[in-house]
Protein chains: 2
Amino acid sequence: MKKSKISHNVITRLPRYLRYLDELLRGGQHRISSSELGRIMGITASQIRQDFSCFGEFGQQGYGYTIELLKQEIEGILGIHRGRTAFIIGAGNLGRALIGNFPFEKNGFKLTGVFDRAGDVVGTDIGGLKVRHIDELETAVRDAAPDIAILTMPGGAANAMAGRLIDAGLPGIWNFTNVDLKIAGTDVIVQNVHFSDSLQTLSYYLERAKAGPEDED
Amino acid sequence: MKKSKISHNVITRLPRYLRYLDELLRGGQHRISSSELGRIMGITASQIRQDFSCFGEFGQQGYGYTIELLKQEIEGILGIHRGRTAFIIGAGNLGRALIGNFPFEKNGFKLTGVFDRAGDVVGTDIGGLKVRHIDELETAVRDAAPDIAILTMPGGAANAMAGRLIDAGLPGIWNFTNVDLKIAGTDVIVQNVHFSDSLQTLSYYLERAKAGPEDED
DNA sequence: TAGATTGTTAATCGATTAACAATC
DNA sequence: TAGATTGTTAATCGATTAACAATC
């Protein structure tokens, strides 16, 4: 039975399920039970069944789950086949790293714009996209209507940039800067990748290596 | 009163507290109450006081918290002044982005080695560090005894690399590859930065923009 | 002192785990 | 059919919030 309000914890486990299902498929496996998947992933079979049951009934009693079908269902829930588009704001090292190495297509996204404010990169070609000047941003957002902007510029400019993007009607932001965007009162969706937070968390567990958990996200 | 077992949720909030305290200090503020901090951060004052009370008594009744002191306490808990060292494994775009832009020092880390397997980058200088060949890794880990290795190489090689590092006695791994490292049976500490998971979570909330929460990590 | 705010205990809420009838 | 495994309800566990005495 589908649930109306789905917890954030459940949502963040979905991409992880997807990774494991992918790996099983690559290993030639086509069917799995919640207990086997739980054993592999280090979580309980109960949790897996509860999680899936938020969205529908994807298994078969006495059989388990067909991996291909389950994967498709989860991809559907995450909206991976929506053909979304993204702008990258900031063509520095991090922006280039994403453009060059991140599998946007596999995640249902297509890069359709790269912007920077530095005169020397504007006009150059990175990964098949011509870098445009940041002054063209608002026009471009209104014209191309990307689903998200990826903030890979210095943190100092992040909030001003977010404001411009939101004003131009952008629905989502993938934030790689080390600041929390001030978005109260807007309905933009923000997902943060805070490197510092992650490293500091690692630092904490290093300190307490004997006592704490050994693998945390 | 200090608590013996501290939940992961509490730990992951500590870096976020630190960011807000920093911002307040930069704004010239020196004192704050749990209720004011809660209002700014969008959490309850109760949660803030509960979180801090896991580690000690950092405030003063009737007054609140001295921001400088509170910040120092949290930095201490996270082990930020430990003078930790790190190797980067993979001198591609992402590795260079971290070397060039990430404030390791502010997070208590110092880069002491960069490794790659590609002949053309080995021997070159990146951010003041000479890139060494991956074959020298084990020797270097034993000699320099870094606290962590930062995996910024292709995911396909991640598990083999993690195995080598663990065998050489490395305590921690900051994993930027899109795979879950198989570390069962070891006592290495792993912290993951899974870009894909983050983007897929964003994708989910874009789909359900009207109903879901608007700012999630 | 009076007002404010902490640290902590108790109450509530939500998430995870266990159990089991339904059924493939 | 018998065995296996789901989806779901109930029980447990843990995390968040509320309340308040202690005290600056």
Side-chain angles (χ1 to χ4, degrees), chain A residues 1-14 16-17 21 24 29-71 73-74 77 201 211-213 216-217, chain B residues 1-14 16-17 21 24 29-71 73-74 77 201 211-213 216-217:
Chain A
M1 192 190 64
K2 289 201 186 190
K3 262 177 63 178
S4 50
K5 172 65 180 140
I6 292 147
S7 89
H8 186 60
N9 285 356
V10 173
I11 304 307
T12 58
R13 279 193 293 267
L14 296 181
R16 187 156 181 262
Y17 287 130
L21 295 176
L24 287 164
Q29 193 167 338
H30 295 276
R31 160 187 171 180
I32 196 159
S33 67
S34 57
S35 60
E36 188 187 354
L37 185 57
R39 198 169 34 70
I40 296 170
M41 295 183 63
I43 60 181
T44 63
S46 263
Q47 180 165 74
I48 291 172
R49 296 202 300 276
Q50 279 279 17
D51 283 355
F52 295 166
S53 77
C54 295
F55 305 101
E57 311 189 357
F58 307 144
Q60 233 177 304
Q61 274 121 326
Y63 176 91
Y65 302 88
T66 302
I67 298 179
E68 277 92 346
L69 294 179
L70 182 56
K71 184 171 169 249
E73 293 285 359
I74 297 176
I77 295 161
T201 304
E216 297 293 340
D217 279 322
Chain B
M1 193 188 65
K2 289 201 188 190
K3 263 177 60 179
S4 49
K5 172 67 180 139
I6 291 148
S7 87
H8 186 61
N9 285 357
V10 173
I11 304 306
T12 58
R13 280 194 292 268
L14 296 180
R16 186 155 181 261
Y17 288 130
L21 295 175
L24 287 163
Q29 194 168 337
H30 295 276
R31 161 187 169 179
I32 197 159
S33 67
S34 57
S35 58
E36 189 188 353
L37 185 57
R39 196 169 36 70
I40 296 171
M41 295 182 65
I43 60 181
T44 64
S46 263
Q47 179 163 72
I48 291 173
R49 296 202 300 275
Q50 279 280 18
D51 283 355
F52 295 167
S53 77
C54 295
F55 305 101
E57 311 190 357
F58 307 145
Q60 231 176 307
Q61 274 121 324
Y63 177 89
Y65 301 88
T66 302
I67 298 179
E68 277 92 347
L69 293 179
L70 181 56
K71 184 171 168 249
E73 292 285 0
I74 297 175
I77 295 161
T201 304
E216 298 293 340
D217 279 320

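All values below come from the heavy atoms of this structure, side chains included, with hydrogens, waters and symmetry mates left out. Chain letters run A, B, ... following the sequence lines, proteins first and then strands; every chain starts at 1.
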Measure the distance from CZ on A:Arg31 to C1' on C:dC24 and round it to the nearest whole Å. 11 Å
Mind calculating the distance between CE (B:Met41) and P (D:dT16) to the nearest angstrom? 13 Å
Under a 3.5 Å cut-off for both distances, is C:dT23 Watson-Crick or wobble paired, and to whom? D:dA4
Give A:Tyr65 one of three labels, base, sugar-phosphate or nothing, depending on what nucleic acid heavy atoms sit under 4.0 Å from its own. sugar-phosphate
Can you check the B:Phe52 CZ to D:dT16 C1' distance for me, whole Å? 15 Å
Over all atoms of both residues, closest heavy-atom pair of B:Ser34 and B:Ile48: O-CD1, 3.5 Å
Could you tell me how far apart B:Gln47 (CD) and C:dG14 (C1') are, to the nearest whole angstrom? 13 Å
Spacing of CD belonging to B:Glu36 relative to CD belonging to B:Gln29, to within rounding of 0.5 Å: 5.0 Å
Classify A:Ser34 by what it touches in the nucleic acid, base, sugar-phosphate, or nothing, heavy-atom distance under 4.0 Å. sugar-phosphate
From CD of B:Glu57 across to P of C:dT5 the rounded distance in Å is 18 Å
Between OG1 on residue B:Thr201 and NE2 on residue A:His8, distance to nearest 0.5 Å: 6.5 Å
Taking N and O atoms by type only, does the side chain of A:Gln50 place a donor or acceptor under 3.5 Å from a partner on the base of C:dT17? yes
With sugar-phosphate meaning primed atoms plus P, OP1 and OP2, does A:Ser33 contact a base, only sugar-phosphate, or nothing at under 4.0 Å between heavy atoms? sugar-phosphate
If you check every side-chain atom of A:Gln60, which of C:dA18, D:dA19, C:dC24 has the closest atom? C:dC24
Can you measure from CD1 (A:Ile32) to CG (A:Leu24) and round to the nearest 0.5 angstrom? 4.5 Å
Nearest-angstrom distance from the residue atom CG of A:Asp51 to P of C:dG14: 17 Å
Just to be sure I understand the rule, does A:Arg13 reach a base, reach only the sugar-phosphate, or reach nothing, if contact means heavy atoms closer than 4.0 Å? sugar-phosphate
Nucleotide paired to C:dT9 in any strand shown, Watson-Crick or G-U, under 3.5 Å: D:dA18
Mark yes or no for a side-chain to base donor-acceptor pair under 3.5 Å between A:Gln61 and C:dT23, with no hydrogen or angle criteria applied. no
Is it the case that D:dA15 (base atoms only) and B:Ser7 (side chain only) share a donor and an acceptor within less than 3.5 Å, ignoring hydrogens and angles? no
Does the plane of the ring in A:Phe52 sit parallel, tilted or perpendicular to the ring in A:Phe58? Use 30° and 60° as the thresholds. tilted
At 4.0 Å (heavy atoms only), tell me whether B:Thr44 reaches a base, stays on the sugar-phosphate, or touches nothing. sugar-phosphate
In whole angstrom, give the distance that lies between atom CG of B:Leu70 and atom P of C:dT5. 15 Å
